Amino acid sequence: MTALKGRLLAVGDIHGRLDKLEALVNRVAPTPDDRVVFMGDYIDRGPDSAGVIDYLLRFGSRFPGTGTVFLRGNHEQLFLDYLADPCASFRPPELSRHRRLRDISARAVWELGESDRDNFLLNGGESTLASYRNRTFRPGELPAPSPGGAKALVPREHICFLTATVLWHEEAVARETPEGAATTRFLFVHAGIVPHVPLEAQDPLDLLWIREPFLRSNADFDGRIVVHGHTPNPRVPTGHSRRICVDSGACLSGRVNRWSERTWGKLTCCNVLTREIVQV
(Lines give C-alpha, C1' and ligand atoms only; values in the text may rest on other atoms or scores of the structure.)
Protein backbone atom coordinates (compact mmCIF):
# COMPACT_ATOMS: atom_id res chain seq x y z
CA MET A 1 0.00 0.00 0.00
CA THR A 2 1.22 3.48 -0.90
CA ALA A 3 0.71 6.69 1.06
CA LEU A 4 1.30 9.20 -1.72
CA LYS A 5 2.17 12.74 -0.73
CA GLY A 6 1.44 14.06 -4.20
CA ARG A 7 -0.46 13.15 -7.33
CA LEU A 8 -0.84 9.83 -9.14
CA LEU A 9 -0.49 10.85 -12.77
CA ALA A 10 -1.19 8.87 -15.94
CA VAL A 11 0.09 10.12 -19.30
CA GLY A 12 -1.75 8.92 -22.40
CA ASP A 13 -0.49 7.56 -25.72
CA ILE A 14 2.23 9.87 -27.12
CA HIS A 15 2.86 8.34 -30.57
CA GLY A 16 5.97 10.28 -31.47
CA ARG A 17 4.64 13.73 -30.55
CA LEU A 18 7.65 15.05 -28.68
CA ASP A 19 6.35 18.61 -28.99
CA LYS A 20 3.16 17.75 -27.13
CA LEU A 21 4.99 15.68 -24.52
CA GLU A 22 7.37 18.53 -23.66
CA ALA A 23 4.52 21.03 -23.46
CA LEU A 24 2.40 18.70 -21.31
CA VAL A 25 5.16 17.97 -18.79
CA ASN A 26 5.91 21.69 -18.53
CA ARG A 27 2.27 22.37 -17.69
CA VAL A 28 1.86 19.47 -15.26
CA ALA A 29 5.22 20.18 -13.57
CA PRO A 30 5.71 16.83 -11.76
CA THR A 31 7.48 16.84 -8.42
CA PRO A 32 9.29 14.10 -6.46
CA ASP A 33 6.10 13.66 -4.39
CA ASP A 34 4.17 12.57 -7.51
CA ARG A 35 4.14 9.20 -9.21
CA VAL A 36 3.94 9.31 -13.01
CA VAL A 37 2.77 6.33 -15.06
CA PHE A 38 3.34 6.54 -18.80
CA MET A 39 0.75 4.33 -20.46
CA GLY A 40 2.72 3.07 -23.49
CA ASP A 41 2.58 3.76 -27.23
CA TYR A 42 5.46 6.22 -27.13
CA ILE A 43 6.35 5.56 -30.77
CA ASP A 44 4.95 5.25 -34.31
CA ARG A 45 2.78 7.53 -36.45
CA GLY A 46 4.11 10.84 -35.08
CA PRO A 47 7.26 12.60 -36.36
CA ASP A 48 9.80 12.05 -33.55
CA SER A 49 9.58 8.67 -31.85
CA ALA A 50 13.33 8.62 -31.25
CA GLY A 51 13.14 12.02 -29.58
CA VAL A 52 10.28 10.86 -27.35
CA ILE A 53 12.34 7.94 -26.04
CA ASP A 54 15.31 10.25 -25.43
CA TYR A 55 13.00 12.52 -23.43
CA LEU A 56 11.52 9.65 -21.40
CA LEU A 57 15.00 8.40 -20.53
CA ARG A 58 15.87 11.84 -19.18
CA PHE A 59 12.55 12.03 -17.34
CA GLY A 60 13.16 8.68 -15.68
CA SER A 61 16.58 9.82 -14.49
CA ARG A 62 14.97 12.90 -12.88
CA PHE A 63 12.45 10.75 -10.99
CA PRO A 64 14.20 7.42 -10.42
CA GLY A 65 13.06 4.36 -8.51
CA THR A 66 9.31 4.07 -8.10
CA GLY A 67 8.68 7.68 -9.08
CA THR A 68 8.16 6.81 -12.73
CA VAL A 69 6.55 3.76 -14.34
CA PHE A 70 6.81 3.00 -18.06
CA LEU A 71 4.17 0.63 -19.38
CA ARG A 72 4.52 -1.26 -22.65
CA GLY A 73 2.03 -0.53 -25.40
CA ASN A 74 1.24 -2.64 -28.41
CA HIS A 75 3.47 -0.38 -30.54
CA GLU A 76 6.52 -0.98 -28.34
CA GLN A 77 5.85 -4.72 -28.56
CA LEU A 78 5.57 -4.47 -32.35
CA PHE A 79 8.88 -2.59 -32.53
CA LEU A 80 10.70 -5.04 -30.27
CA ASP A 81 9.35 -8.04 -32.18
CA TYR A 82 10.42 -6.44 -35.45
CA LEU A 83 13.92 -5.73 -34.13
CA ALA A 84 14.21 -9.25 -32.68
CA ASP A 85 13.13 -11.12 -35.81
CA PRO A 86 15.40 -14.22 -35.79
CA CYS A 87 15.22 -14.46 -39.59
CA ALA A 88 16.48 -10.92 -40.17
CA SER A 89 20.04 -10.19 -41.27
CA PHE A 90 20.59 -7.92 -38.23
CA ARG A 91 19.37 -8.54 -34.69
CA PRO A 92 20.48 -6.29 -31.82
CA PRO A 93 22.38 -8.37 -29.27
CA GLU A 94 20.35 -6.78 -26.45
CA LEU A 95 17.34 -8.72 -27.76
CA SER A 96 18.92 -12.16 -27.65
CA ARG A 97 16.52 -13.12 -24.83
CA HIS A 98 13.53 -11.12 -25.99
CA ARG A 99 10.29 -13.08 -26.16
CA ARG A 100 8.10 -12.00 -29.03
CA LEU A 101 4.36 -11.73 -28.53
CA ARG A 102 3.88 -14.95 -30.47
CA ASP A 103 6.11 -16.65 -27.89
CA ILE A 104 3.96 -15.61 -24.92
CA SER A 105 0.47 -15.57 -26.46
CA ALA A 106 -1.02 -18.57 -28.22
CA ARG A 107 -3.44 -16.27 -30.07
CA ALA A 108 -0.91 -13.77 -31.40
CA VAL A 109 -0.24 -15.36 -34.79
CA TRP A 110 -3.95 -16.00 -35.33
CA GLU A 111 -4.89 -12.43 -34.45
CA LEU A 112 -1.95 -10.49 -35.92
CA GLY A 113 -0.53 -12.69 -38.68
CA GLU A 114 2.84 -14.26 -39.38
CA SER A 115 5.04 -11.27 -40.20
CA ASP A 116 6.48 -9.14 -37.39
CA ARG A 117 7.92 -6.81 -40.00
CA ASP A 118 4.58 -6.22 -41.70
CA ASN A 119 2.77 -5.74 -38.40
CA PHE A 120 5.24 -3.08 -37.33
CA LEU A 121 5.37 -1.18 -40.61
CA LEU A 122 1.60 -1.31 -41.23
CA ASN A 123 0.95 0.19 -37.80
CA GLY A 124 3.04 3.32 -38.28
CA GLY A 125 6.51 1.86 -37.84
CA GLU A 126 8.04 3.55 -40.85
CA SER A 127 7.74 6.94 -39.12
CA THR A 128 9.70 5.50 -36.18
CA LEU A 129 12.47 4.23 -38.45
CA ALA A 130 12.51 7.61 -40.22
CA SER A 131 13.02 9.38 -36.88
CA TYR A 132 16.19 7.35 -36.28
CA ARG A 133 17.45 7.98 -39.81
CA ASN A 134 16.75 11.71 -39.50
CA ARG A 135 18.74 12.06 -36.29
CA THR A 136 21.73 10.26 -37.85
CA PHE A 137 21.89 11.68 -41.37
CA ARG A 138 21.23 15.12 -42.78
CA PRO A 139 18.66 15.27 -45.59
CA GLY A 140 20.31 14.23 -48.84
CA GLU A 141 23.50 13.04 -47.16
CA LEU A 142 22.84 9.36 -47.81
CA PRO A 143 20.20 7.41 -49.69
CA ALA A 144 17.37 6.35 -47.42
CA PRO A 145 18.38 3.01 -45.89
CA SER A 146 16.12 0.00 -46.11
CA PRO A 147 14.04 -0.79 -43.01
CA GLY A 148 16.49 -3.58 -42.16
CA GLY A 149 19.42 -1.17 -42.29
CA ALA A 150 17.63 1.28 -40.04
CA LYS A 151 17.61 -1.27 -37.22
CA ALA A 152 21.30 -0.64 -36.65
CA LEU A 153 20.56 3.05 -35.94
CA VAL A 154 18.49 2.34 -32.81
CA PRO A 155 20.73 3.13 -29.79
CA ARG A 156 21.41 0.45 -27.24
CA GLU A 157 19.91 2.57 -24.45
CA HIS A 158 16.65 2.84 -26.40
CA ILE A 159 16.41 -0.92 -26.78
CA CYS A 160 17.16 -1.41 -23.08
CA PHE A 161 14.46 1.14 -22.23
CA LEU A 162 11.89 -0.65 -24.38
CA THR A 163 12.70 -4.09 -22.99
CA ALA A 164 12.35 -2.75 -19.42
CA THR A 165 8.76 -1.57 -19.97
CA VAL A 166 6.09 -3.53 -18.08
CA LEU A 167 2.68 -4.90 -19.06
CA TRP A 168 0.86 -3.59 -15.99
CA HIS A 169 1.33 -1.69 -12.75
CA GLU A 170 -0.82 -1.93 -9.62
CA GLU A 171 -1.15 0.77 -7.01
CA ALA A 172 -3.12 0.67 -3.74
CA VAL A 173 -3.39 4.20 -2.40
CA ALA A 174 -4.40 5.03 1.18
CA ARG A 175 -6.40 8.24 1.37
CA GLU A 176 -8.40 10.21 3.88
CA THR A 177 -11.99 10.80 2.81
CA PRO A 178 -14.95 12.51 4.53
CA GLU A 179 -16.01 9.02 5.60
CA GLY A 180 -12.59 8.20 7.04
CA ALA A 181 -9.53 6.29 5.85
CA ALA A 182 -9.97 4.40 2.58
CA THR A 183 -7.85 2.44 0.13
CA THR A 184 -8.31 2.79 -3.62
CA ARG A 185 -6.77 0.17 -5.91
CA PHE A 186 -5.65 1.13 -9.38
CA LEU A 187 -4.54 -1.12 -12.23
CA PHE A 188 -2.59 0.62 -14.98
CA VAL A 189 -2.52 -1.33 -18.25
CA HIS A 190 -2.09 -0.15 -21.82
CA ALA A 191 -5.23 -1.51 -23.50
CA GLY A 192 -7.34 -3.15 -20.80
CA ILE A 193 -8.18 -6.57 -19.41
CA VAL A 194 -10.67 -9.35 -20.05
CA PRO A 195 -13.41 -8.97 -17.43
CA HIS A 196 -13.70 -11.71 -14.80
CA VAL A 197 -10.27 -13.19 -15.63
CA PRO A 198 -7.60 -12.99 -12.88
CA LEU A 199 -4.73 -10.66 -13.72
CA GLU A 200 -2.14 -13.44 -13.63
CA ALA A 201 -4.22 -15.39 -16.18
CA GLN A 202 -4.63 -12.53 -18.66
CA ASP A 203 -3.27 -13.10 -22.16
CA PRO A 204 -0.54 -10.52 -22.96
CA LEU A 205 -2.25 -10.01 -26.31
CA ASP A 206 -5.30 -8.62 -24.50
CA LEU A 207 -3.27 -6.40 -22.17
CA LEU A 208 -1.75 -4.77 -25.26
CA TRP A 209 -4.57 -4.88 -27.82
CA ILE A 210 -8.03 -5.45 -26.27
CA ARG A 211 -10.97 -3.19 -26.99
CA GLU A 212 -14.08 -5.31 -26.52
CA PRO A 213 -15.41 -6.76 -24.27
CA PHE A 214 -13.40 -4.54 -21.93
CA LEU A 215 -14.71 -1.17 -23.09
CA ARG A 216 -18.38 -2.09 -22.71
CA SER A 217 -17.98 -4.00 -19.48
CA ASN A 218 -19.64 -2.97 -16.23
CA ALA A 219 -17.52 -5.43 -14.25
CA ASP A 220 -16.08 -4.50 -10.87
CA PHE A 221 -12.57 -5.54 -12.04
CA ASP A 222 -11.92 -7.16 -8.65
CA GLY A 223 -12.36 -3.86 -6.86
CA ARG A 224 -9.85 -1.98 -9.01
CA ILE A 225 -10.13 1.13 -11.12
CA VAL A 226 -8.53 0.28 -14.46
CA VAL A 227 -6.51 3.09 -16.04
CA HIS A 228 -5.81 2.55 -19.74
CA GLY A 229 -4.98 4.08 -23.10
CA HIS A 230 -4.95 2.43 -26.56
CA THR A 231 -8.48 3.40 -27.64
CA PRO A 232 -8.73 7.15 -28.31
CA ASN A 233 -11.65 8.88 -26.64
CA PRO A 234 -12.47 12.58 -27.05
CA ARG A 235 -14.16 12.60 -23.63
CA VAL A 236 -11.29 11.48 -21.41
CA PRO A 237 -11.23 10.44 -18.62
CA THR A 238 -14.83 9.17 -19.32
CA GLY A 239 -17.55 8.91 -16.71
CA HIS A 240 -17.12 5.21 -16.00
CA SER A 241 -16.80 4.54 -12.28
CA ARG A 242 -14.33 1.63 -12.68
CA ARG A 243 -12.38 2.78 -15.71
CA ILE A 244 -10.25 5.82 -16.64
CA CYS A 245 -9.16 6.37 -20.25
CA VAL A 246 -6.25 8.72 -20.93
CA ASP A 247 -5.81 8.31 -24.71
CA SER A 248 -7.19 11.41 -26.41
CA GLY A 249 -5.68 10.78 -29.86
CA ALA A 250 -2.46 12.81 -29.76
CA CYS A 251 -1.42 11.60 -33.20
CA LEU A 252 -4.83 12.22 -34.81
CA SER A 253 -6.20 15.44 -36.26
CA GLY A 254 -9.46 17.04 -37.21
CA ARG A 255 -12.93 16.89 -35.73
CA VAL A 256 -14.09 13.73 -33.99
CA ASN A 257 -17.01 13.49 -36.42
CA ARG A 258 -19.00 15.73 -38.69
CA TRP A 259 -21.51 16.61 -35.97
CA SER A 260 -19.07 17.30 -33.12
CA GLU A 261 -17.08 20.39 -32.24
CA ARG A 262 -14.59 18.19 -30.37
CA THR A 263 -11.24 17.64 -32.05
CA TRP A 264 -8.51 15.03 -31.90
CA GLY A 265 -4.85 15.79 -31.43
CA LYS A 266 -4.59 16.25 -27.66
CA LEU A 267 -2.15 14.59 -25.27
CA THR A 268 -3.62 14.01 -21.81
CA CYS A 269 -2.29 13.70 -18.29
CA CYS A 270 -4.79 12.67 -15.62
CA ASN A 271 -4.43 12.74 -11.84
CA VAL A 272 -6.34 9.51 -11.30
CA LEU A 273 -6.95 10.32 -7.64
CA THR A 274 -9.18 13.25 -8.60
CA ARG A 275 -9.78 12.62 -12.35
CA GLU A 276 -8.53 16.12 -13.09
CA ILE A 277 -6.88 16.35 -16.52
CA VAL A 278 -4.35 18.56 -18.26
CA GLN A 279 -4.24 18.54 -22.07
CA VAL A 280 -2.11 20.10 -24.78
Side-chain angles (χ1 to χ4, degrees), residues 1-2 8-13 35-42 44 66 69-81 84 97-114 116 119-120 123 162-175 182-233 235-249 268 270 272-273 275:
M1 186 181 301
T2 302
L8 182 54
L9 303 171
V11 178
D13 303 30
R35 179 157 301 136
V36 185
V37 183
F38 289 91
M39 299 300 297
D41 279 6
Y42 314 121
D44 295 346
T66 59
V69 178
F70 297 107
L71 295 187
R72 179 175 302 183
N74 57 309
H75 286 263
E76 286 74 53
Q77 186 71 48
L78 289 170
F79 191 25
L80 287 168
D81 291 355
R97 297 184 179 180
H98 171 70
R99 300 180 68 198
R100 294 178 295 164
L101 188 56
R102 67 181 64 209
D103 299 323
I104 57 177
S105 170
R107 293 167 35 224
V109 172
W110 176 261
E111 297 276 354
L112 302 178
E114 294 281 353
D116 291 324
N119 284 336
F120 172 61
N123 282 279
L162 293 169
T163 58
T165 53
V166 296
L167 291 178
W168 73 78
H169 173 71
E170 287 192 277
E171 195 91 41
V173 181
R175 292 193 290 166
T183 299
T184 305
R185 298 169 62 209
F186 294 93
L187 173 65
F188 297 84
V189 59
H190 174 67
I193 58 175
V194 177
H196 312 298
V197 174
L199 184 57
E200 61 273 13
Q202 295 280 334
D203 189 320
L205 181 73
D206 292 316
L207 301 177
L208 295 167
W209 285 92
I210 196 172
R211 298 192 199 278
E212 302 299 349
F214 168 68
L215 294 176
R216 294 186 184 273
S217 176
N218 288 316
D220 178 67
F221 301 124
D222 293 327
R224 306 181 186 95
I225 295 174
V226 180
V227 185
H228 69 96
H230 185 59
T231 301
N233 190 317
R235 294 181 174 87
V236 295
T238 74
H240 197 292
S241 62
R242 308 305 301 178
R243 187 166 59 76
I244 295 175
C245 176
V246 292
D247 182 3
S248 46
T268 295
C270 177
V272 302
L273 300 177
R275 297 200 177 213

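As the structure is a computational prediction, the values presented were derived from the model and not from experiment.
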Fill in: Glu171 and Val69, any side-chain heavy atoms less than 4.5 Å apart
no

Response to the item:
ring pair (Phe, Tyr, Trp, His ring centres under 6.0 Å) test vs Phe70 passes for just one of Trp168, Phe188, Phe38, namely Phe38

Response to the item:
Nearest heavy-atom approach of Arg72 to Leu208 is O-CD2, 3.3 Å

Worksheet item: Hey, does Ile225 have a side-chain heavy atom less than 4.5 Å from the side chain of Val272?
Response: no

Worksheet item: Do the side chains of Cys270 and Val236 get nearer than 4.5 Å, heavy atoms only?
Response: no

Discussion item. Assess the residue pair Thr238 and Asn233 against the criterion (side-chain contact (heavy atoms from CB on, under 4.5 Å)); give the C-alpha distance rounded to whole Å, side-chain angles, the decisive distance to 0.1 Å, and a yes or no.
Written reply: CA-CA 8 Å; Thr238 74; Asn233 190 317; 3.4 Å; yes

Practice prompt. State, yes or no, whether a side-chain contact exists between Trp209 and Leu101 at a heavy-atom distance under 4.5 Å.
Written response: yes

Discussion item. With a 4.5 Å cut-off on side-chain heavy atoms, are Phe214 and Val226 touching?
Written reply: yes

Worksheet item: Between His228 and Leu187, is any pair of side-chain heavy atoms under 4.5 Å apart?
Response: no

Discussion item. Using a 6.0 Å distance limit plus a 45 degree cone around the ring axis, check whether Arg185 lies over the aromatic ring of Phe221.
Written reply: no

Item to complete: To the nearest 0.5 angstrom, please state how far the OG1 atom of Thr165 sits from the CG atom of Leu80.
Response: 6.5 Å

Fill in: Derivation of the side-chain contact (heavy atoms from CB on, under 4.5 Å) call for Val194 and Asp203
CA-CA 9 Å; Val194 177; Asp203 189 320; over 6 Å; no

Worksheet entry | Taking every non-hydrogen atom, the tightest pair across Asp41 and Glu76 | N-OE1, 2.7 Å

Worksheet item: Looking at Glu111 and Arg107, does any basic side-chain N land under 4.0 Å from a carboxylate oxygen?
Response: yes

Worksheet item: Regarding His190 and Asn74, is there a side-chain donor-to-acceptor distance under 3.5 Å anywhere?
Response: yes

Worksheet, complete the sentence: For Gly113 and Asn119, the nearest pair of non-hydrogen atoms, with its separation, is O-ND2, 4.2 Å

Fill in: Interatomic distance, Asp13 atom CG to Met39 atom CE [nearest 0.5 angstrom]
8.0 Å

Practice prompt. Please name the pair of heavy atoms, one in Ile193 and one in Leu207, separated by the smallest distance, quoted to 0.1 Å.
Written response: CG2-CD2, 3.7 Å

Worksheet entry | Minimum heavy-atom distance between His240 and Ser217, given as atom pair plus value | NE2-O, 3.0 Å

Worksheet item: Would you call Arg102 and Asp81 a salt bridge, taking side-chain N to carboxylate O under 4.0 Å as the test?
Response: no

Worksheet item: Can you find a pair of side-chain heavy atoms, one from Leu167 and one from Pro204, that are under 4.5 Å apart?
Response: yes

Worksheet item: Run the side-chain contact (heavy atoms from CB on, under 4.5 Å) check on Leu205 and Trp110 step by step: do they pass?
Response: CA-CA 11 Å; Leu205 181 73; Trp110 176 261; over 6 Å; no

Discussion item. With a 3.5 Å distance limit and no angle check, can you tell me whether Arg242 reaches the backbone of Arg224 through a side-chain donor-acceptor pair?
Written reply: yes

Worksheet item: So which heavy atom on Val173 is nearest to which on Leu8, and how close?
Response: CG2-CD2, 3.9 Å

Discussion item. Suppose we screen for side-chain contact (heavy atoms from CB on, under 4.5 Å). Which residues come up paired with Glu212, at least two apart in sequence or across chains?
Written reply: Leu215, Arg216

Worksheet entry | Heavy-atom side-chain proximity of Tyr42 to His75 below 4.5 angstrom | no

